[in-house]
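The structure under discussion appears below in the form of C-alpha cells.
Read the numbers this way: they start at 1 and go in the same order the structure lists the ligands and their atoms. All of these numbers come straight from a predicted model, not from anything done at the bench.
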Amino acid sequence: MSQDTPGSTTTAPATGVPSDQQGDAISNLLHENRTFAPSPEFAADAVVTAADYAEADADRPAFWARQARELLTWSKDFDQALDWSNPPFAKWFVGGEVNAAYNALDRHVENGLGDRVAIYFEGEPGDTRTYTYAQLTDEVKKAANAFESLGVEKGDRVAVYLPMIPEAVITLLACARIGAVHSVVFGGFSAEALRSRIDDAEAKLVVTADGTYRRGKPSPLKTAVDDALSHEGDGSGHTVQNVVVVKRNGQDVDWHEDRDHWWDDTVGTASTEHTPVGHDSEHPLFILYTSGTTGKPKGILHTTGGYLTQGAYTHKAVFDLHPETDVYWCTADVGWVTGHSYVAYAPLINGATQVMYEGTPDSPHQGRWWEIIQKYKVSILYTAPTAIRTFMKWGRDIPDKYDLTSLRVLGSVGESINPEAWMWYRDVIGANKTPIVDTWWQTETGAQMIAPLPGVTATKPGSAQVPLPGIAVDVVDELGESVPNGHGGFLVIREPWPAMLRGIWGDPERFKDTYWSRFEDMYFAGDGAKKDEDGDIWLLGRVDDVMNVSGHRLSTTEIESALVSHPAVAEAAVVGAADETTGQAVVAFVILRGDAVDSGDAIVQELRNHVGKEIGPIAKPKTILVVPELPKTRSGKIMRRLLKDVAEGRDPGDATTLADNTVMQQIAASLRK
Ligand code: ATP
Ligand code: MG
C-alpha cells in the first residue's frame with residue numbers, strides 16, 4: 001500500500017491531536033505552507049506521470065488526439081483533433097464515429113473481461129446486486145431494444161427520473177447506444193421542475209420508478225411523473241408518448257394503460273442481441289441542467305467523442321485508476337454531472353469496478369458509508385465537502401469503528417474543501433497517508449479541469465492546485481490580464497477543451513452571453529480564484545458573492561474556512577449584506593459541532609476574534625448567527641443568495657432548487673429566538 005510523506009516545507013503533523021488542540025496546526029494550513037508529496041512507492045506505480053504536462057503543453061490538440069485513440073475504440077477514426085474555426089462552437093475529433101455504450105461495455109467483454117464486476121449495487125434497505133461487464137452489456141442491449149420498440153430513434157430525447165439504482169446507468173447507456181439524447185432530472189425534483197425539463201427537451205420517453213427509499217421509508221417517484229404529464233400548464237400538450245417504470249419499492253402506482261410500461265415487461269423481455277453503430281463524435285449525448293446554486297438552472301448540452309475522452313483520461317489520471325485491482329466509489333447521484341461523468345461513463349469506459357449506493361449516509365446508521373467501504377474494500381472514494389463536514393460534525397468515533405485500510409485515493413468535488421475538512425478527510429478517513437485530490441469543474445466543463453495528480457503533485461490542503469494536462473486555466477483581472485502569483489481574480493479557461501459544453505439546449509445566444517461575453521476569447525466560469533505564491537489555484541467562491549467591505553474585497557470561501565477551522569464550528573456560510581457605513585458587512589451563519597454548546601454571545605465573540613486572528617480585523621463578521629441548518633441545493637452546495645436575502649431583511653427568493661424547504665423556516669425561527 002502506498003503512502004504519502006509530508007513535504008519538506010511541512011509543519012508538525014496534526015495527526016491524532018484532538019481537534020481542540022489543532023488550532024495552531026490548522027491556522028498554519030490556512031497560510032498555505034503545508035504540502036504532502038507522493039510517496040516514492042505511490043509515484044513509482046502511478047498510471048500518469050509529469051510527462052503528460054509537457055506533452056500537452058507542446059501540442060494540446062495532439063495530446064488529446066492521442067488520449068482519444070488510446071482510451072476509446074472508434075468505429076471510424078477522426079481526421080482532425082479540434083475545429084475551432086467558429087468560436088465558441090468547438091468540434092472535437094472531427095469526422096470520427098464512436099459508440100459510448102460499446103466503449104463502456106461490449107469491447108471489455110470482447111477483450112475477455114466479461115466476468116469482471118462492473119457494479120456492486122447496495123440498496124438502501126440492504127438488498128444487493130452485482131453486475132459483471134457481460135451482464136451489464138446484456139441489460140443495456142435489452143434496454144436499447146426496448147426503447148427502440150417504443151419508437152425512440154437517434155436524436156430523440158429521453159427524460160430520466162430515477163433513483164440511484166443500476167437501471168439509471170443502464171438507461172443512460174442504452175440511450176447513448178441508440179443515439180438518443182438523455183436528460184436526467186434529479187429524483188428529488190418536483191413534478192413542476194420535471195415538467196419544465198420534459199418540455200424544454202421535448203422528450204418522447206420518460207424512464208422512472210414506482211419509487212425509492214429514503215431513510216428506511218418508501219418515497220414515491222412515479223406520482224411526480226403522473227402529475228408532470230397531467231399538468232395543465234399553458235394548455236398545450238406534452239411530447240411524451242411512453243413511460244417505462246422500474247419496480248423498485250413496490251408501492252402502489254396509478255397506471256395509464258396507453259402510456260405506461262413496466263420495465264420488467266418491456267426491457268425484461270427484450271432480446272440481448274443489439275448491434276451498436278458508431279455515432280458522429282459531435283452527436284449530442286445528453287442535456288443536463290446545472291445545480292441551480294446561483295439561479296435558474298441552465299440546460300447544458302454535451303456531445304460524444306470529446307466528452308468521453310476527457311472523462312476517461314481524467315478518471316484514470318486523477319484517481320490513479322488501476323482497473324484490475326481498484327474498487328471505485330463515487331457517491332454522487334446520477335442526477336448531477338458528477339454522476340454522469342464519473343459514475344455512468346468514465347469508470348465503465350475505463351473498465352473499472354464500482355460501487356453504487358441508493359441511500360443517504362445516515363441510513364440506517366451514521367456509519368453506513370464506512371460499512372460499505374469495509375464490505376467492498378473500496379480503494380478510491382469520490383465525494384463532496386458537504387458530506388465530509390457532516391461526518392466531522394458526527395465525530396470521528398463513527399468511521400474509526402470500521403476498517404478503511406483499502407482506501408488509497410480520496411477525491412472531493414462540488415465546493416471548496418476547507419483546509420480543516422481536507423485534513424480531517426486525510427487523517428480520519430485516509431489514515432494520514434492517502435492523497436486527497438480536490439477537483440474543480442462544472443456541469444459546463446463536463447469533466448475535471450483543475451486537480452492534483454496523486455502520483456505527481458505534492459498536495460496542499462484547501463487548494464485544487466493545477467490545471468490538468470491539456471487544460472488551459474488562468475486567473476485574470478478585470479481587464480482579462482493574467483494576475484501574478486499571490487493575487488486573486490476571475491477564473492477563466494483560455495483554450496477549448498474536449499468535454500466543454502457545446503451550448504445551452506435550444507439557445508445559442510444565451511450560451512454566448514453567459515460564458516463568452518465577459519472576456520474576449522475566454523470562457524468565464526463565474527468563480528473567483530487566486531494564485532498563491534507557488535502558482536497553485538485556490539477557489540474563492542462565486543464572483544457574485546465576493547464582498548466589498550470598506551474597499552477591501554473579501555472572499556466567502558476564505559472567511560468560511562477560517563470559521564470552520566475553529567473547533568466549535570461544523571459548517572459556515574458567509575454573505576455580504578448591504579451596510580450604510582462599510583458598503584457591505586460580513587454576515588456569517590454557522591452550525592456548531594455536535595459537542596459544542598451554543599453559549600450565545602461568548603461563542604459569537606470568540607468566533608469573531610478567531611476570524612480576525614486568521615485573516616485580519618477587516619474580515620471579522622459584523623454579525624454571526626448560530627443556525628441549525630444551512631440552505632443547500634440538492635447536490636449539497638450552500639445557497640448563499642437565500643442567506644443574503646435573510647441578512648438584508650428580504651423574503652428569500654426562488655428556493656425551488658433547495659434540498660429541504662423547511663430549512664429557511666428553521667433559520668427564521670432560530671433568529672427569532
Ligand atoms: P448554477 O450554475 O445553476 O448556479 P452550480 O454552478 O452549482 O449551479 P454545478 O455545475 O453543479 O452547478 O457546479 C459547478 C460549480 O461548483 C463551480 O462553478 C464551482 O463554483 C463549484 N465547484 C465545483 N467543484 C469545486 C471545487 N473543487 N472547489 C471549489 N468550487 C467547486
Ligand atoms: Mg454554475
Could you check [atom] against the protein and tell me its nearest heavy-atom contact, residue, atom and distance included?
atom	result
atom 5 (P) of ligand 1	T293 OG1, 3.5 Å
atom 11 (O) of ligand 1	S291 OG, 2.6 Å
atom 10 (O) of ligand 1	T443 OG1, 2.6 Å
atom 4 (O) of ligand 1	T294 OG1, 2.5 Å
atom 6 (O) of ligand 1	R542 NH1, 3.0 Å
atom 2 (O) of ligand 1	K298 NZ, 3.4 Å
atom 26 (C) of ligand 1	E415 O, 3.4 Å
atom 29 (C) of ligand 1	S416 N, 3.1 Å

At the 4.0 Å heavy-atom cut-off, does [X] count as touching ligand 1?
X	answer
W440	yes
W441	yes
G292	yes
G414	yes
V337	no

With no hydrogens and no angle check, just 3.5 Å: does a side-chain donor-acceptor pair link [X] and [Y]?
X	Y	value
E358	T212	yes
Y425	T434	no
K512	S517	no
T314	Q310	no

Legend entry - CH2 on W336 to OG on S291, rounded to 0.5 Å: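 That separation rounds to 5.0 Å.
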Legend entry - Contact summary for A659 and T633, nearest pair of heavy atoms: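 That closest heavy-atom pairing would be CB-O, 3.7 Å.
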Legend entry - Atom CZ of R510 with >12 non-hydrogen neighbours under 6.0 angstrom: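 Atom CZ in R510 is crowded, with more than 12 foreign heavy atoms closer than 6.0 Å.
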Legend entry - Heavy-atom nearest option to atom 20 (O) of ligand 1, drawn from T439, D527, T657: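 Answer by nearest heavy atom: D527.
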Legend entry - Proximal candidate to atom 13 (O) of ligand 1 [heavy atom criterion; set Q442, K637, Q448]: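 Residue with the shortest heavy-atom distance to the ligand atom: K637.
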Inset, instruction - With heavy atoms of D438 as the reference, note each atom of ligand 1 found under 4.0 Å away. - result: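 Taking each heavy atom of D438 in turn, ligand 1 has 26 (C), 27 (N) under 4.0 Å.
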Inset, instruction - Taking the six-membered ring for Trp and the full ring for Phe, Tyr or His, determine whether the centres of Y382 and Y328 are under 6.0 Å apart. - result: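 Ring-ring flag for Y382/Y328: false, centres at least 6.0 Å apart.
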Inset, instruction - Give yes or no for whether the N/O distance cutoff of 3.5 Å, strictly under, is met between A525 and ligand 1. - result: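 No, no N or O pair falls under 3.5 Å.
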Legend entry - Under-4.0 Å salt bridge between R593 and E571: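 Salt bridge between R593 and E571, a charged N being under 4.0 Å from a carboxylate O: no.
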Legend entry - Ionic contact status for K644 with D545, cut-off 4.0 Å: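 No, this pair does not count.
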Legend entry - From V492, D474, I493, residue fulfilling side-chain contact (heavy atoms from CB on, under 4.5 Å) relative to M522: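 Among V492, D474, I493, the one meeting side-chain contact (heavy atoms from CB on, under 4.5 Å) with M522 is V492.
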